[in-house]
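Proteins come first, then strands; the chains are lettered A, B, ... in the order of their sequence lines, and each starts at number 1.
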Number of protein chains: 2
Amino acid sequence: MNKKVTINDIAKMANVAKSTVSRYLNGGSVSAQTRLKIERIVQEQHYTPNTFAQSLKQQTNHTIGVIVPRLDSIAQSDMLRGLDECNQEDTFLIVNAYQDPKRELAAIEKLQSQNVGGIILLTANLTDEIRAALTASPLPIVIQGQDEPDFHRVIMADQHGGETVGAYVKTLHPKNVLLLNVNAEIDHAVGHDRFMGIKAALAQTPYTEVMTDFKLDTAKHDAKKAMAADQYDLVIGATDRIAVGAMQSGYALHQKPQYIGFGQSFFSETVTPNLTSFEFSFFEAGKQLYRLFVKVRDENPQTIQRVVIDGQLVIRDSTGPQH
Amino acid sequence: MNKKVTINDIAKMANVAKSTVSRYLNGGSVSAQTRLKIERIVQEQHYTPNTFAQSLKQQTNHTIGVIVPRLDSIAQSDMLRGLDECNQEDTFLIVNAYQDPKRELAAIEKLQSQNVGGIILLTANLTDEIRAALTASPLPIVIQGQDEPDFHRVIMADQHGGETVGAYVKTLHPKNVLLLNVNAEIDHAVGHDRFMGIKAALAQTPYTEVMTDFKLDTAKHDAKKAMAADQYDLVIGATDRIAVGAMQSGYALHQKPQYIGFGQSFFSETVTPNLTSFEFSFFEAGKQLYRLFVKVRDENPQTIQRVVIDGQLVIRDSTGPQH
DNA sequence: TTGTAAGCGTTATCAA
DNA sequence: TTGATAACGCTTACAA
């Protein structure tokens, strides 16, 4: 920050008081004559107000802290793109929590000490500590990822996704199904909501449920163990990544079951064969998330807001005819 | 920002002047007695200084604008993690430029008007306009991605990577090689530097160079065209993503050449077969980038700084024995 | 060691 | 329509 031109400089150059310049900037009443004069000088000098002074004075600011569980995920980056898309005038302070509840909590506290104007929290899992911190905060806060009844939130239609996949699975008439799920304690939306519909659809079909985690390697390992022990003609992963792990195990074991995942298109189209999956609109989720945040911040609604984002089943080669 | 406790509140509670509290906070001289008193109250009240007031007063701040070309890339997120890793006290304002030079320029201007304390620019390509904007800025600036002589920078050892891959390629004794490259005008570090060593190593071997772009679909399409027209036993992609596109084409055409890419491990391990690639340490690059930035900001070196980050060849199944 | 006071760049109030 | 002036929360001479 070298020698930035201030409102005082502009005022002097225009031979007016700085309050007049301020009024000009904020759309107050100024005569056409002085307006023109100030306008010219502001342009010439490339003047932009000092945001710190503004925030200090206004006791609020347009920086929104966004906490993401991870950055190396298409879903998250799509969501951030959605936030960007709608954004008119806010600045996002993106903090990576590295899927660690401790870091998530620390991020909430740090953001508050940095005086952000609000927080958008993307999360897989809320601890009691985090709930307490959120509740204690005077800031407008919106969360995404979990259907937490006490907070304004945007959630994905995991339940509907599970039902849709369930309905599709019925048409495939599988003989023996492997479900690769994650612990609902770690991510309730994924571990529980997604699989309800699937299990209902498999009422008449034998299936095995194996718990794994979100990492590719773990999924690969757990899938291999299961697929070596029994023969499956359909494998459903809780996420695309998990399904891909299973595909690699299948490849190694020379098995060719059908595969279904949950997630977003890029990942699904990267693997061979392309993966059939239920795809959520994370981009849309980001847009809605921003809209909801603005509503919460500006209107301070007294009832908890809840927005559900739908998705759709995209059928690709992994459940295609050649299988 | 509801009713945050200020330094004045603390001062009153402790029956001292606010300057004393300020001195306590900034490590100035205070008697053991008052130190204890203030300490207790600060803790009780969860007092944190208002960063806007601090920045306003100090005429500088600890927010660094980070412009990234894209967010849906492991390389970028690894680099950001590296930045985080070393960071002591700075806040990163991450801006996605969506691989669009216009947005990149706009981001530089917006960050300046937001009074960031400096800019870290990750980029594939610098336009003259952007060079001009960077040169005109009074802020400390560090760039990454291109070997631009006029700016402090961290670059990847693309040239050395190409030579290493070249040496390895010789040991494979390929009969006919397909190079899938990108235009050096779009990304000189990739399009030119990476391929110098490879082409030198292929002096005695027939090869075809096809230009494509960074998108998976384009690479797939271009690779398919080339692989349908001629028979190759080795395909080298300018990036992992491009190599994966080629793998998919090979799969579709029932061809099984060997494949080599450039990039980071996750992507390489996602595909089947796992991809041999020259992997740069983007995480390390991020760390060095932050260190370099701090050096530039705090020491204002008069000579242009240049840091090179190395990588290593990781041999996987795609050039493995079963091929 | 401590307190007083000025000032950072804004916006808002209130006279003129 | 304008311009002084106070205030936002903090740091920093300088004085006590």
Side-chain angles (χ1 to χ4, degrees), chain A residues 1-39 41-42 45-63 89 91 112-117 138-139, chain B residues 1-39 41-42 45-63 89 91 112-117 138-139:
Chain A
M1 219 99 341
N2 254 359
K3 43 218 162 176
K4 265 202 69 168
V5 41
T6 74
I7 198 171
N8 244 315
D9 302 328
I10 303 291
K12 276 179 198 143
M13 291 168 157
N15 277 314
V16 295
K18 60 177 176 180
S19 46
T20 305
V21 179
S22 177
R23 245 179 291 117
Y24 158 79
L25 292 167
N26 297 290
S29 67
V30 270
S31 69
Q33 207 179 0
T34 49
R35 161 172 293 110
L36 251 52
K37 195 165 52 176
I38 297 176
E39 186 161 28
I41 299 179
V42 164
Q45 303 292 321
H46 298 105
Y47 168 77
T48 53
N50 182 316
T51 51
F52 299 117
Q54 281 183 321
S55 299
L56 177 59
K57 182 65 191 178
Q58 295 173 171
Q59 297 295 82
T60 176
N61 68 86
H62 284 144
T63 299
E89 49 184 1
T91 313
Q112 304 214 59
S113 83
Q114 285 172 166
N115 305 308
V116 294
L139 295 177
Chain B
M1 219 99 343
N2 255 358
K3 45 220 159 170
K4 266 200 72 168
V5 41
T6 74
I7 198 173
N8 243 316
D9 302 329
I10 303 290
K12 275 179 198 143
M13 291 167 161
N15 276 316
V16 295
K18 61 177 177 179
S19 51
T20 307
V21 179
S22 177
R23 245 178 291 116
Y24 159 79
L25 292 168
N26 297 291
S29 68
V30 270
S31 70
Q33 204 179 3
T34 49
R35 161 171 293 109
L36 252 53
K37 197 164 53 173
I38 297 176
E39 186 161 29
I41 298 179
V42 164
Q45 302 292 323
H46 299 103
Y47 168 75
T48 53
N50 181 317
T51 51
F52 298 116
Q54 279 182 321
S55 300
L56 179 58
K57 180 68 195 176
Q58 297 176 169
Q59 296 297 81
T60 176
N61 69 87
H62 284 144
T63 299
E89 49 183 0
T91 311
Q112 305 215 61
S113 83
Q114 283 171 169
N115 305 308
V116 294
L139 295 177

Side-chain contact check for B:T34: nearest option of C:dT2, D:dC8, C:dA5 is C:dT2
Exactly one of B:T20, B:V21, B:L36 clears side chain to side chain contact (heavy atoms under 4.5 Å, CB included) with B:V30, and that residue is B:T20
note: B:I10, atom CD1; C:dT2, atom P; distance rounded to Å ~ 17 Å
To the nearest angstrom, the CD1-P distance between B:I7 and D:dG9 comes to 11 Å
Does a distance-only test, which skips hydrogens and angles, find a donor-acceptor pair under 3.5 Å between the side chain of A:T20 and the base of D:dT1? no
Expected output: side-chain B:N50 to main-chain B:T6 donor-acceptor under 3.5 Å: no
Checklist line | B:Y47 side-chain N/O to D:dC10 phosphate OP1/OP2 under 4.0 Å | finding: yes
Rounded to the nearest 0.5 angstrom, the OG1-CD distance for B:T63 and B:Q114 is 9.5 Å
From CD of A:Q54 across to C1' of D:dA7 the rounded distance in Å is 16 Å
Between CG of A:N26 and C1' of C:dT10 the distance, given in whole Å, is 9 Å
- request: Answer yes or no: side-chain N or O of B:K57 and base N or O of C:dG7 forming a donor-acceptor pair under 3.5 Å.
  value: yes
From CD of A:Q58 across to C1' of C:dG9 the rounded distance in Å is 12 Å
In whole angstroms, the gap separating C1' of C:dT1 from CG of B:N15 amounts to 16 Å
Discussion item. Over all strands shown, is A:S22 touching base, sugar-phosphate only, or nothing at heavy-atom distances under 4.0 angstrom?
Written reply: base
- With a 4.0 Å cut-off on heavy atoms, is A:Y24 in touch with a base, just the backbone sugar-phosphate, or nothing at all? nothing
Against the side chain of B:T6, the closest entry in D:dC10, C:dT1, C:dT10 is D:dC10
Donor-acceptor contact below 3.5 Å, side chain B:K18 vs main chain B:A11: no
Contacts of B:L56 and B:R23 projected onto DNA chain D by closest heavy atom; the upstream (5') one is B:L56
To the nearest angstrom, the CZ-P distance between A:F52 and D:dG9 comes to 17 Å
Side-chain atoms of A:A53 come closest, of C:dT10, D:dT2, D:dG3, to C:dT10
Check your understanding: OP1, OP2 of D:dG9 versus side-chain N and O of A:Q59: anything below 4.0 Å?
Key -> yes
What contact category does A:S55 fall into here, base, sugar-phosphate, or nothing, at under 4.0 angstrom with non-hydrogen atoms?
nothing
Just checking B:S31: base, sugar-phosphate only, or nothing, at a heavy-atom cut-off of under 4.0 Å? sugar-phosphate
Taking C:dG3, C:dT1, D:dT5 as options, the one with an atom nearest any side-chain atom of B:S29 is C:dT1
In the structure I gave you, are the side-chain heavy atoms of B:T51 and A:F52 within less than 4.5 Å of one another anywhere? no
Atom CG of A:N8 and atom C1' of C:dG7 are separated, to the nearest Å, by 11 Å
Donor-acceptor pair, B:N26 side chain versus B:G28 backbone, under 3.5 Å? no
